[in-house]
Amino acid sequence: MKKFVSLIVSLAFAGSTFAQMSGYSSSQSSGTTLGANETLTADGIALGNAVKLRGYVNTILSRDDDGNSAYDNTWVNADVDFLIDLSPVTAEVHIAAGDSSITDSNDASLEQVFGRYSFNQDFHLTFGRQVTQWGFDSDEFTNRYAVTTAYGIESRKSYVDGLRLNYNNGLFGLIFGIHDHYGLASIIGQNGTTADFDDGIAVDLAASVMFFPGLEARLGIANENGTADDDILGINGWVAWNPSDLTLAFEFDSLDGESNEAWDLMLLAHYQFNDLFGASLRYSHVDYDAAGSVFDSEADRISLALLFSITENFDINFEYTHVESEQGSNETDSDELYLQALLTY
């Protein structure tokens with residue numbers, strides 16, 4: 001683990017030095033997005049005066065080789081979003097369809113269907129099915145610094161039903177939500193939590209501060225309470241620094257259940273060399289502790305991603321990830337390769 005951390009720190013120092021020397025300039029994050037009304041600011045294809053359409057088609061080919069055997073996998077998925085502006089009421093409908101050789105599934109679903117009432121430009125109430133704010137990585141394959149997230153190809157965010165109060169003034173964001181569940185049970189590997197308001201409930205509270213353009217910190221807490229004695233408390237925090245073309249990020253999670261516990265961390269360094277090419281180096285560690293079990297596990301992942309913007313709407317991305325994992329007394333090493341074609345509209 002120390003070798004991985006040293007490698008990330010070295011890259012961060014080198015990237016920072018190069019960023020100061022480079023004459024190329026890119027835009028920084030000027031404000032936090034937590035609690036903001038992003039329906040109004042999102043890009044999309046206008047379908048009349050009140051509706052915009054956006055989406056993507058994503059194809060990923062991957063190979064996982066542990067030295068003894070290799071597995072080839074394929075993901076093909078599409079996402080279509082409708083953004084509706086009837087201010088002060090706005091709404092979004094996200095439709096997703098996917099086909100995975102891992103799960104052998106081919107289905108379509110409503111990822112998000114929610115409305116928003118804006119009391120003013122800073123304060124909003126959202127209601128319906130919406131994505132949780134847990135974690136640094138995006139729930140979509142767009143807006144990522146690599147093909148995968150820090151902990152695998154799937155995002156740790158979940159789509160949940162409920163209400164959320166949102167506040168955002170650009171420099172400060174705050175949310176408070178009440179949901180039918182939160183998805184912490186699947187992260188920690190604990191069964192019993194149900195998606196039913198009659199049996200269980202989940203609440204979350206998160207705050208984000210943009211100290212100055214490019215430096216943002218976020219802290220969130222969530223509690224999930226199901227039908228059985230299975231309360232789960234989760235804390236997630238991250239800090240991201242984006243001075244010009246360099247992005248550095250650190251994330252930490254802690255989850256505490258009745259029987260299982262887990263914690264993890266992530267370190268990321270990304271440099272955007274120009275409009276066409278960027279590269280990311282990322283390290284993550286995951287540690288699971290199942291009380292009274294010999295199947296406690298931990299894993300270290302280090303990833304190198306090369307990201308190519310062929311056109312404004314078409315990307316070709318490559319990622320190599322090396323994983324070292326332990327489960328009980330078993331230790332395994334594996335190498336993962338990902339090739340992604342991503343078309344957005």
Side-chain angles (χ1 to χ4, degrees), residues 1-11 58-77 98-106 135-139 141 144-157 183 185-191 251-253 255 260-270 279-308 316-342:
M1 178 176 175
K2 292 182 178 179
K3 294 187 294 184
F4 288 135
V5 174
S6 298
L7 185 58
I8 290 289
V9 172
S10 299
L11 178 74
N58 173 63
T59 301
I60 298 175
L61 305 178
S62 73
R63 168 168 281 247
D64 187 348
D65 190 343
D66 63 5
N68 298 315
S69 56
Y71 303 92
D72 295 321
N73 303 307
T74 304
W75 287 265
V76 179
N77 63 297
D99 186 0
S100 171
S101 63
I102 293 180
T103 59
D104 194 27
S105 62
N106 189 343
F136 177 78
D137 290 307
S138 170
D139 62 309
F141 285 97
R144 291 185 182 179
Y145 290 99
V147 179
T148 66
T149 71
Y151 314 106
I153 195 164
E154 297 294 341
S155 169
R156 288 192 167 185
K157 288 181 167 64
S186 61
I187 298 176
I188 203 173
Q190 184 165 308
N191 297 320
E251 179 181 37
F252 179 81
D253 285 334
L255 297 103
N260 297 354
E261 296 179 356
W263 67 270
D264 50 60
L265 62 84
M266 179 273 293
L267 293 164
L268 168 75
H270 171 82
S280 300
L281 186 60
R282 183 183 62 205
Y283 165 75
S284 63
H285 176 84
V286 179
D287 194 300
Y288 289 102
D289 182 8
S293 173
V294 297
F295 296 107
D296 295 348
S297 63
E298 60 181 286
D300 295 291
R301 301 174 61 90
I302 185 165
S303 303
L304 172 65
L306 306 178
L307 314 174
F308 300 90
I316 296 290
N317 303 321
F318 172 81
E319 178 182 324
Y320 165 73
T321 294
H322 178 72
V323 184
E324 297 181 1
S325 59
E326 298 180 12
Q327 185 171 27
S329 59
N330 297 323
E331 299 183 5
T332 59
D333 292 353
S334 62
D335 296 294
E336 302 172 1
L337 295 174
Y338 299 89
L339 179 63
Q340 177 187 45
L342 182 62

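For this chain, numbers begin at 1 and follow the sequence in order. Keep in mind that this is a model prediction, so the values were computed, not measured.
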In chain order, what residues pass the side chain to side chain donor-acceptor pair (under 3.5 Å) check against [X], with sequence neighbours excluded?
X	result
Glu298	none
Ser325	Thr332
Asp335	Tyr320, His322

Closest contact, heavy atoms only, [X] versus [Y]:
X	Y	value
Tyr288	Ala262	CD2-CB, 3.6 Å
Glu251	Phe136	OE2-N, 2.8 Å
Ala146	Ala305	CB-CB, 3.7 Å

### Message
Before you tell me yes or no, could you show the steps for Asp300 and Tyr283 under side-chain contact (heavy atoms from CB on, under 4.5 Å), namely the whole-Å CA-CA distance, both residues' side-chain angles and the distance that decides it to 0.1 Å?
### Response
CA-CA 7 Å; Asp300 295 291; Tyr283 165 75; 2.6 Å; yes
Could you state the interatomic distance from [atom1] ([X]) to [atom2] ([Y]), rounded to the nearest 0.5 Å?
X	Y	atom1	atom2	result
Ser297	Asp289	OG	CG	9.5 Å
Ile188	Glu261	CD1	CD	7.0 Å
Asp264	Ile187	CG	CD1	8.0 Å
Asp333	Asn68	CG	CG	10.5 Å

[X] versus [Y]: any side-chain heavy-atom pair under 4.5 Å?
X	Y	result
Ile302	Leu281	yes
Arg282	Thr148	yes
Ile316	Leu339	yes

### Message
Can you tell me how the ring of Tyr338 sits relative to the ring of Trp75, calling it parallel under 30°, perpendicular over 60° and tilted otherwise?
### Response
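Rings of Tyr338 and Trp75: tilted, 30 to 60°.
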### Query
Can you tell which of Ser284, Ser334, Ser303 makes a side-chain contact (heavy atoms from CB on, under 4.5 Å) with Thr321?
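The passing option is Ser303.
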### Message
Given Leu342, which partner from the list Val147, Thr59, Asn58 fulfils the side-chain contact (heavy atoms from CB on, under 4.5 Å) test?
### Response
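Testing each of Val147, Thr59, Asn58 against Leu342, the sole residue satisfying side-chain contact (heavy atoms from CB on, under 4.5 Å) is Asn58.
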Who pairs with [X] by salt bridge (charged side-chain N to carboxylate O under 4.0 Å, His left out), at least two apart in sequence or on another chain?
X	answer
Glu336	Arg301
Asp253	Arg156
Arg144	none

### Task
Would you check if the side chain of Asn317 reaches a backbone N or O of Gln340 as a donor-acceptor pair within less than 3.5 Å?
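Answer holds: no.
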### Message
Main chain of Gly135, side chain of Lys157: is a donor-acceptor contact present, judged purely on distance under 3.5 Å?
### Response
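It does hold such a pair.
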### Task
Show your working on side-chain contact (heavy atoms from CB on, under 4.5 Å) between Leu337 and Phe318 and close with a plain yes or no.
CA-CA 8 Å; Leu337 295 174; Phe318 172 81; 3.9 Å; yes
### Query
Please walk me through it: do Phe141 and Asn77 pass side-chain contact (heavy atoms from CB on, under 4.5 Å)?
CA-CA 10 Å; Phe141 285 97; Asn77 63 297; 3.7 Å; yes
### Task
Report the C-alpha separation of Ser280 and Leu307 in whole Å, then their side-chain angles, then the decisive distance to 0.1 Å, and conclude whether the side-chain contact (heavy atoms from CB on, under 4.5 Å) test is met.
CA-CA 8 Å; Ser280 300; Leu307 314 174; 4.2 Å; yes
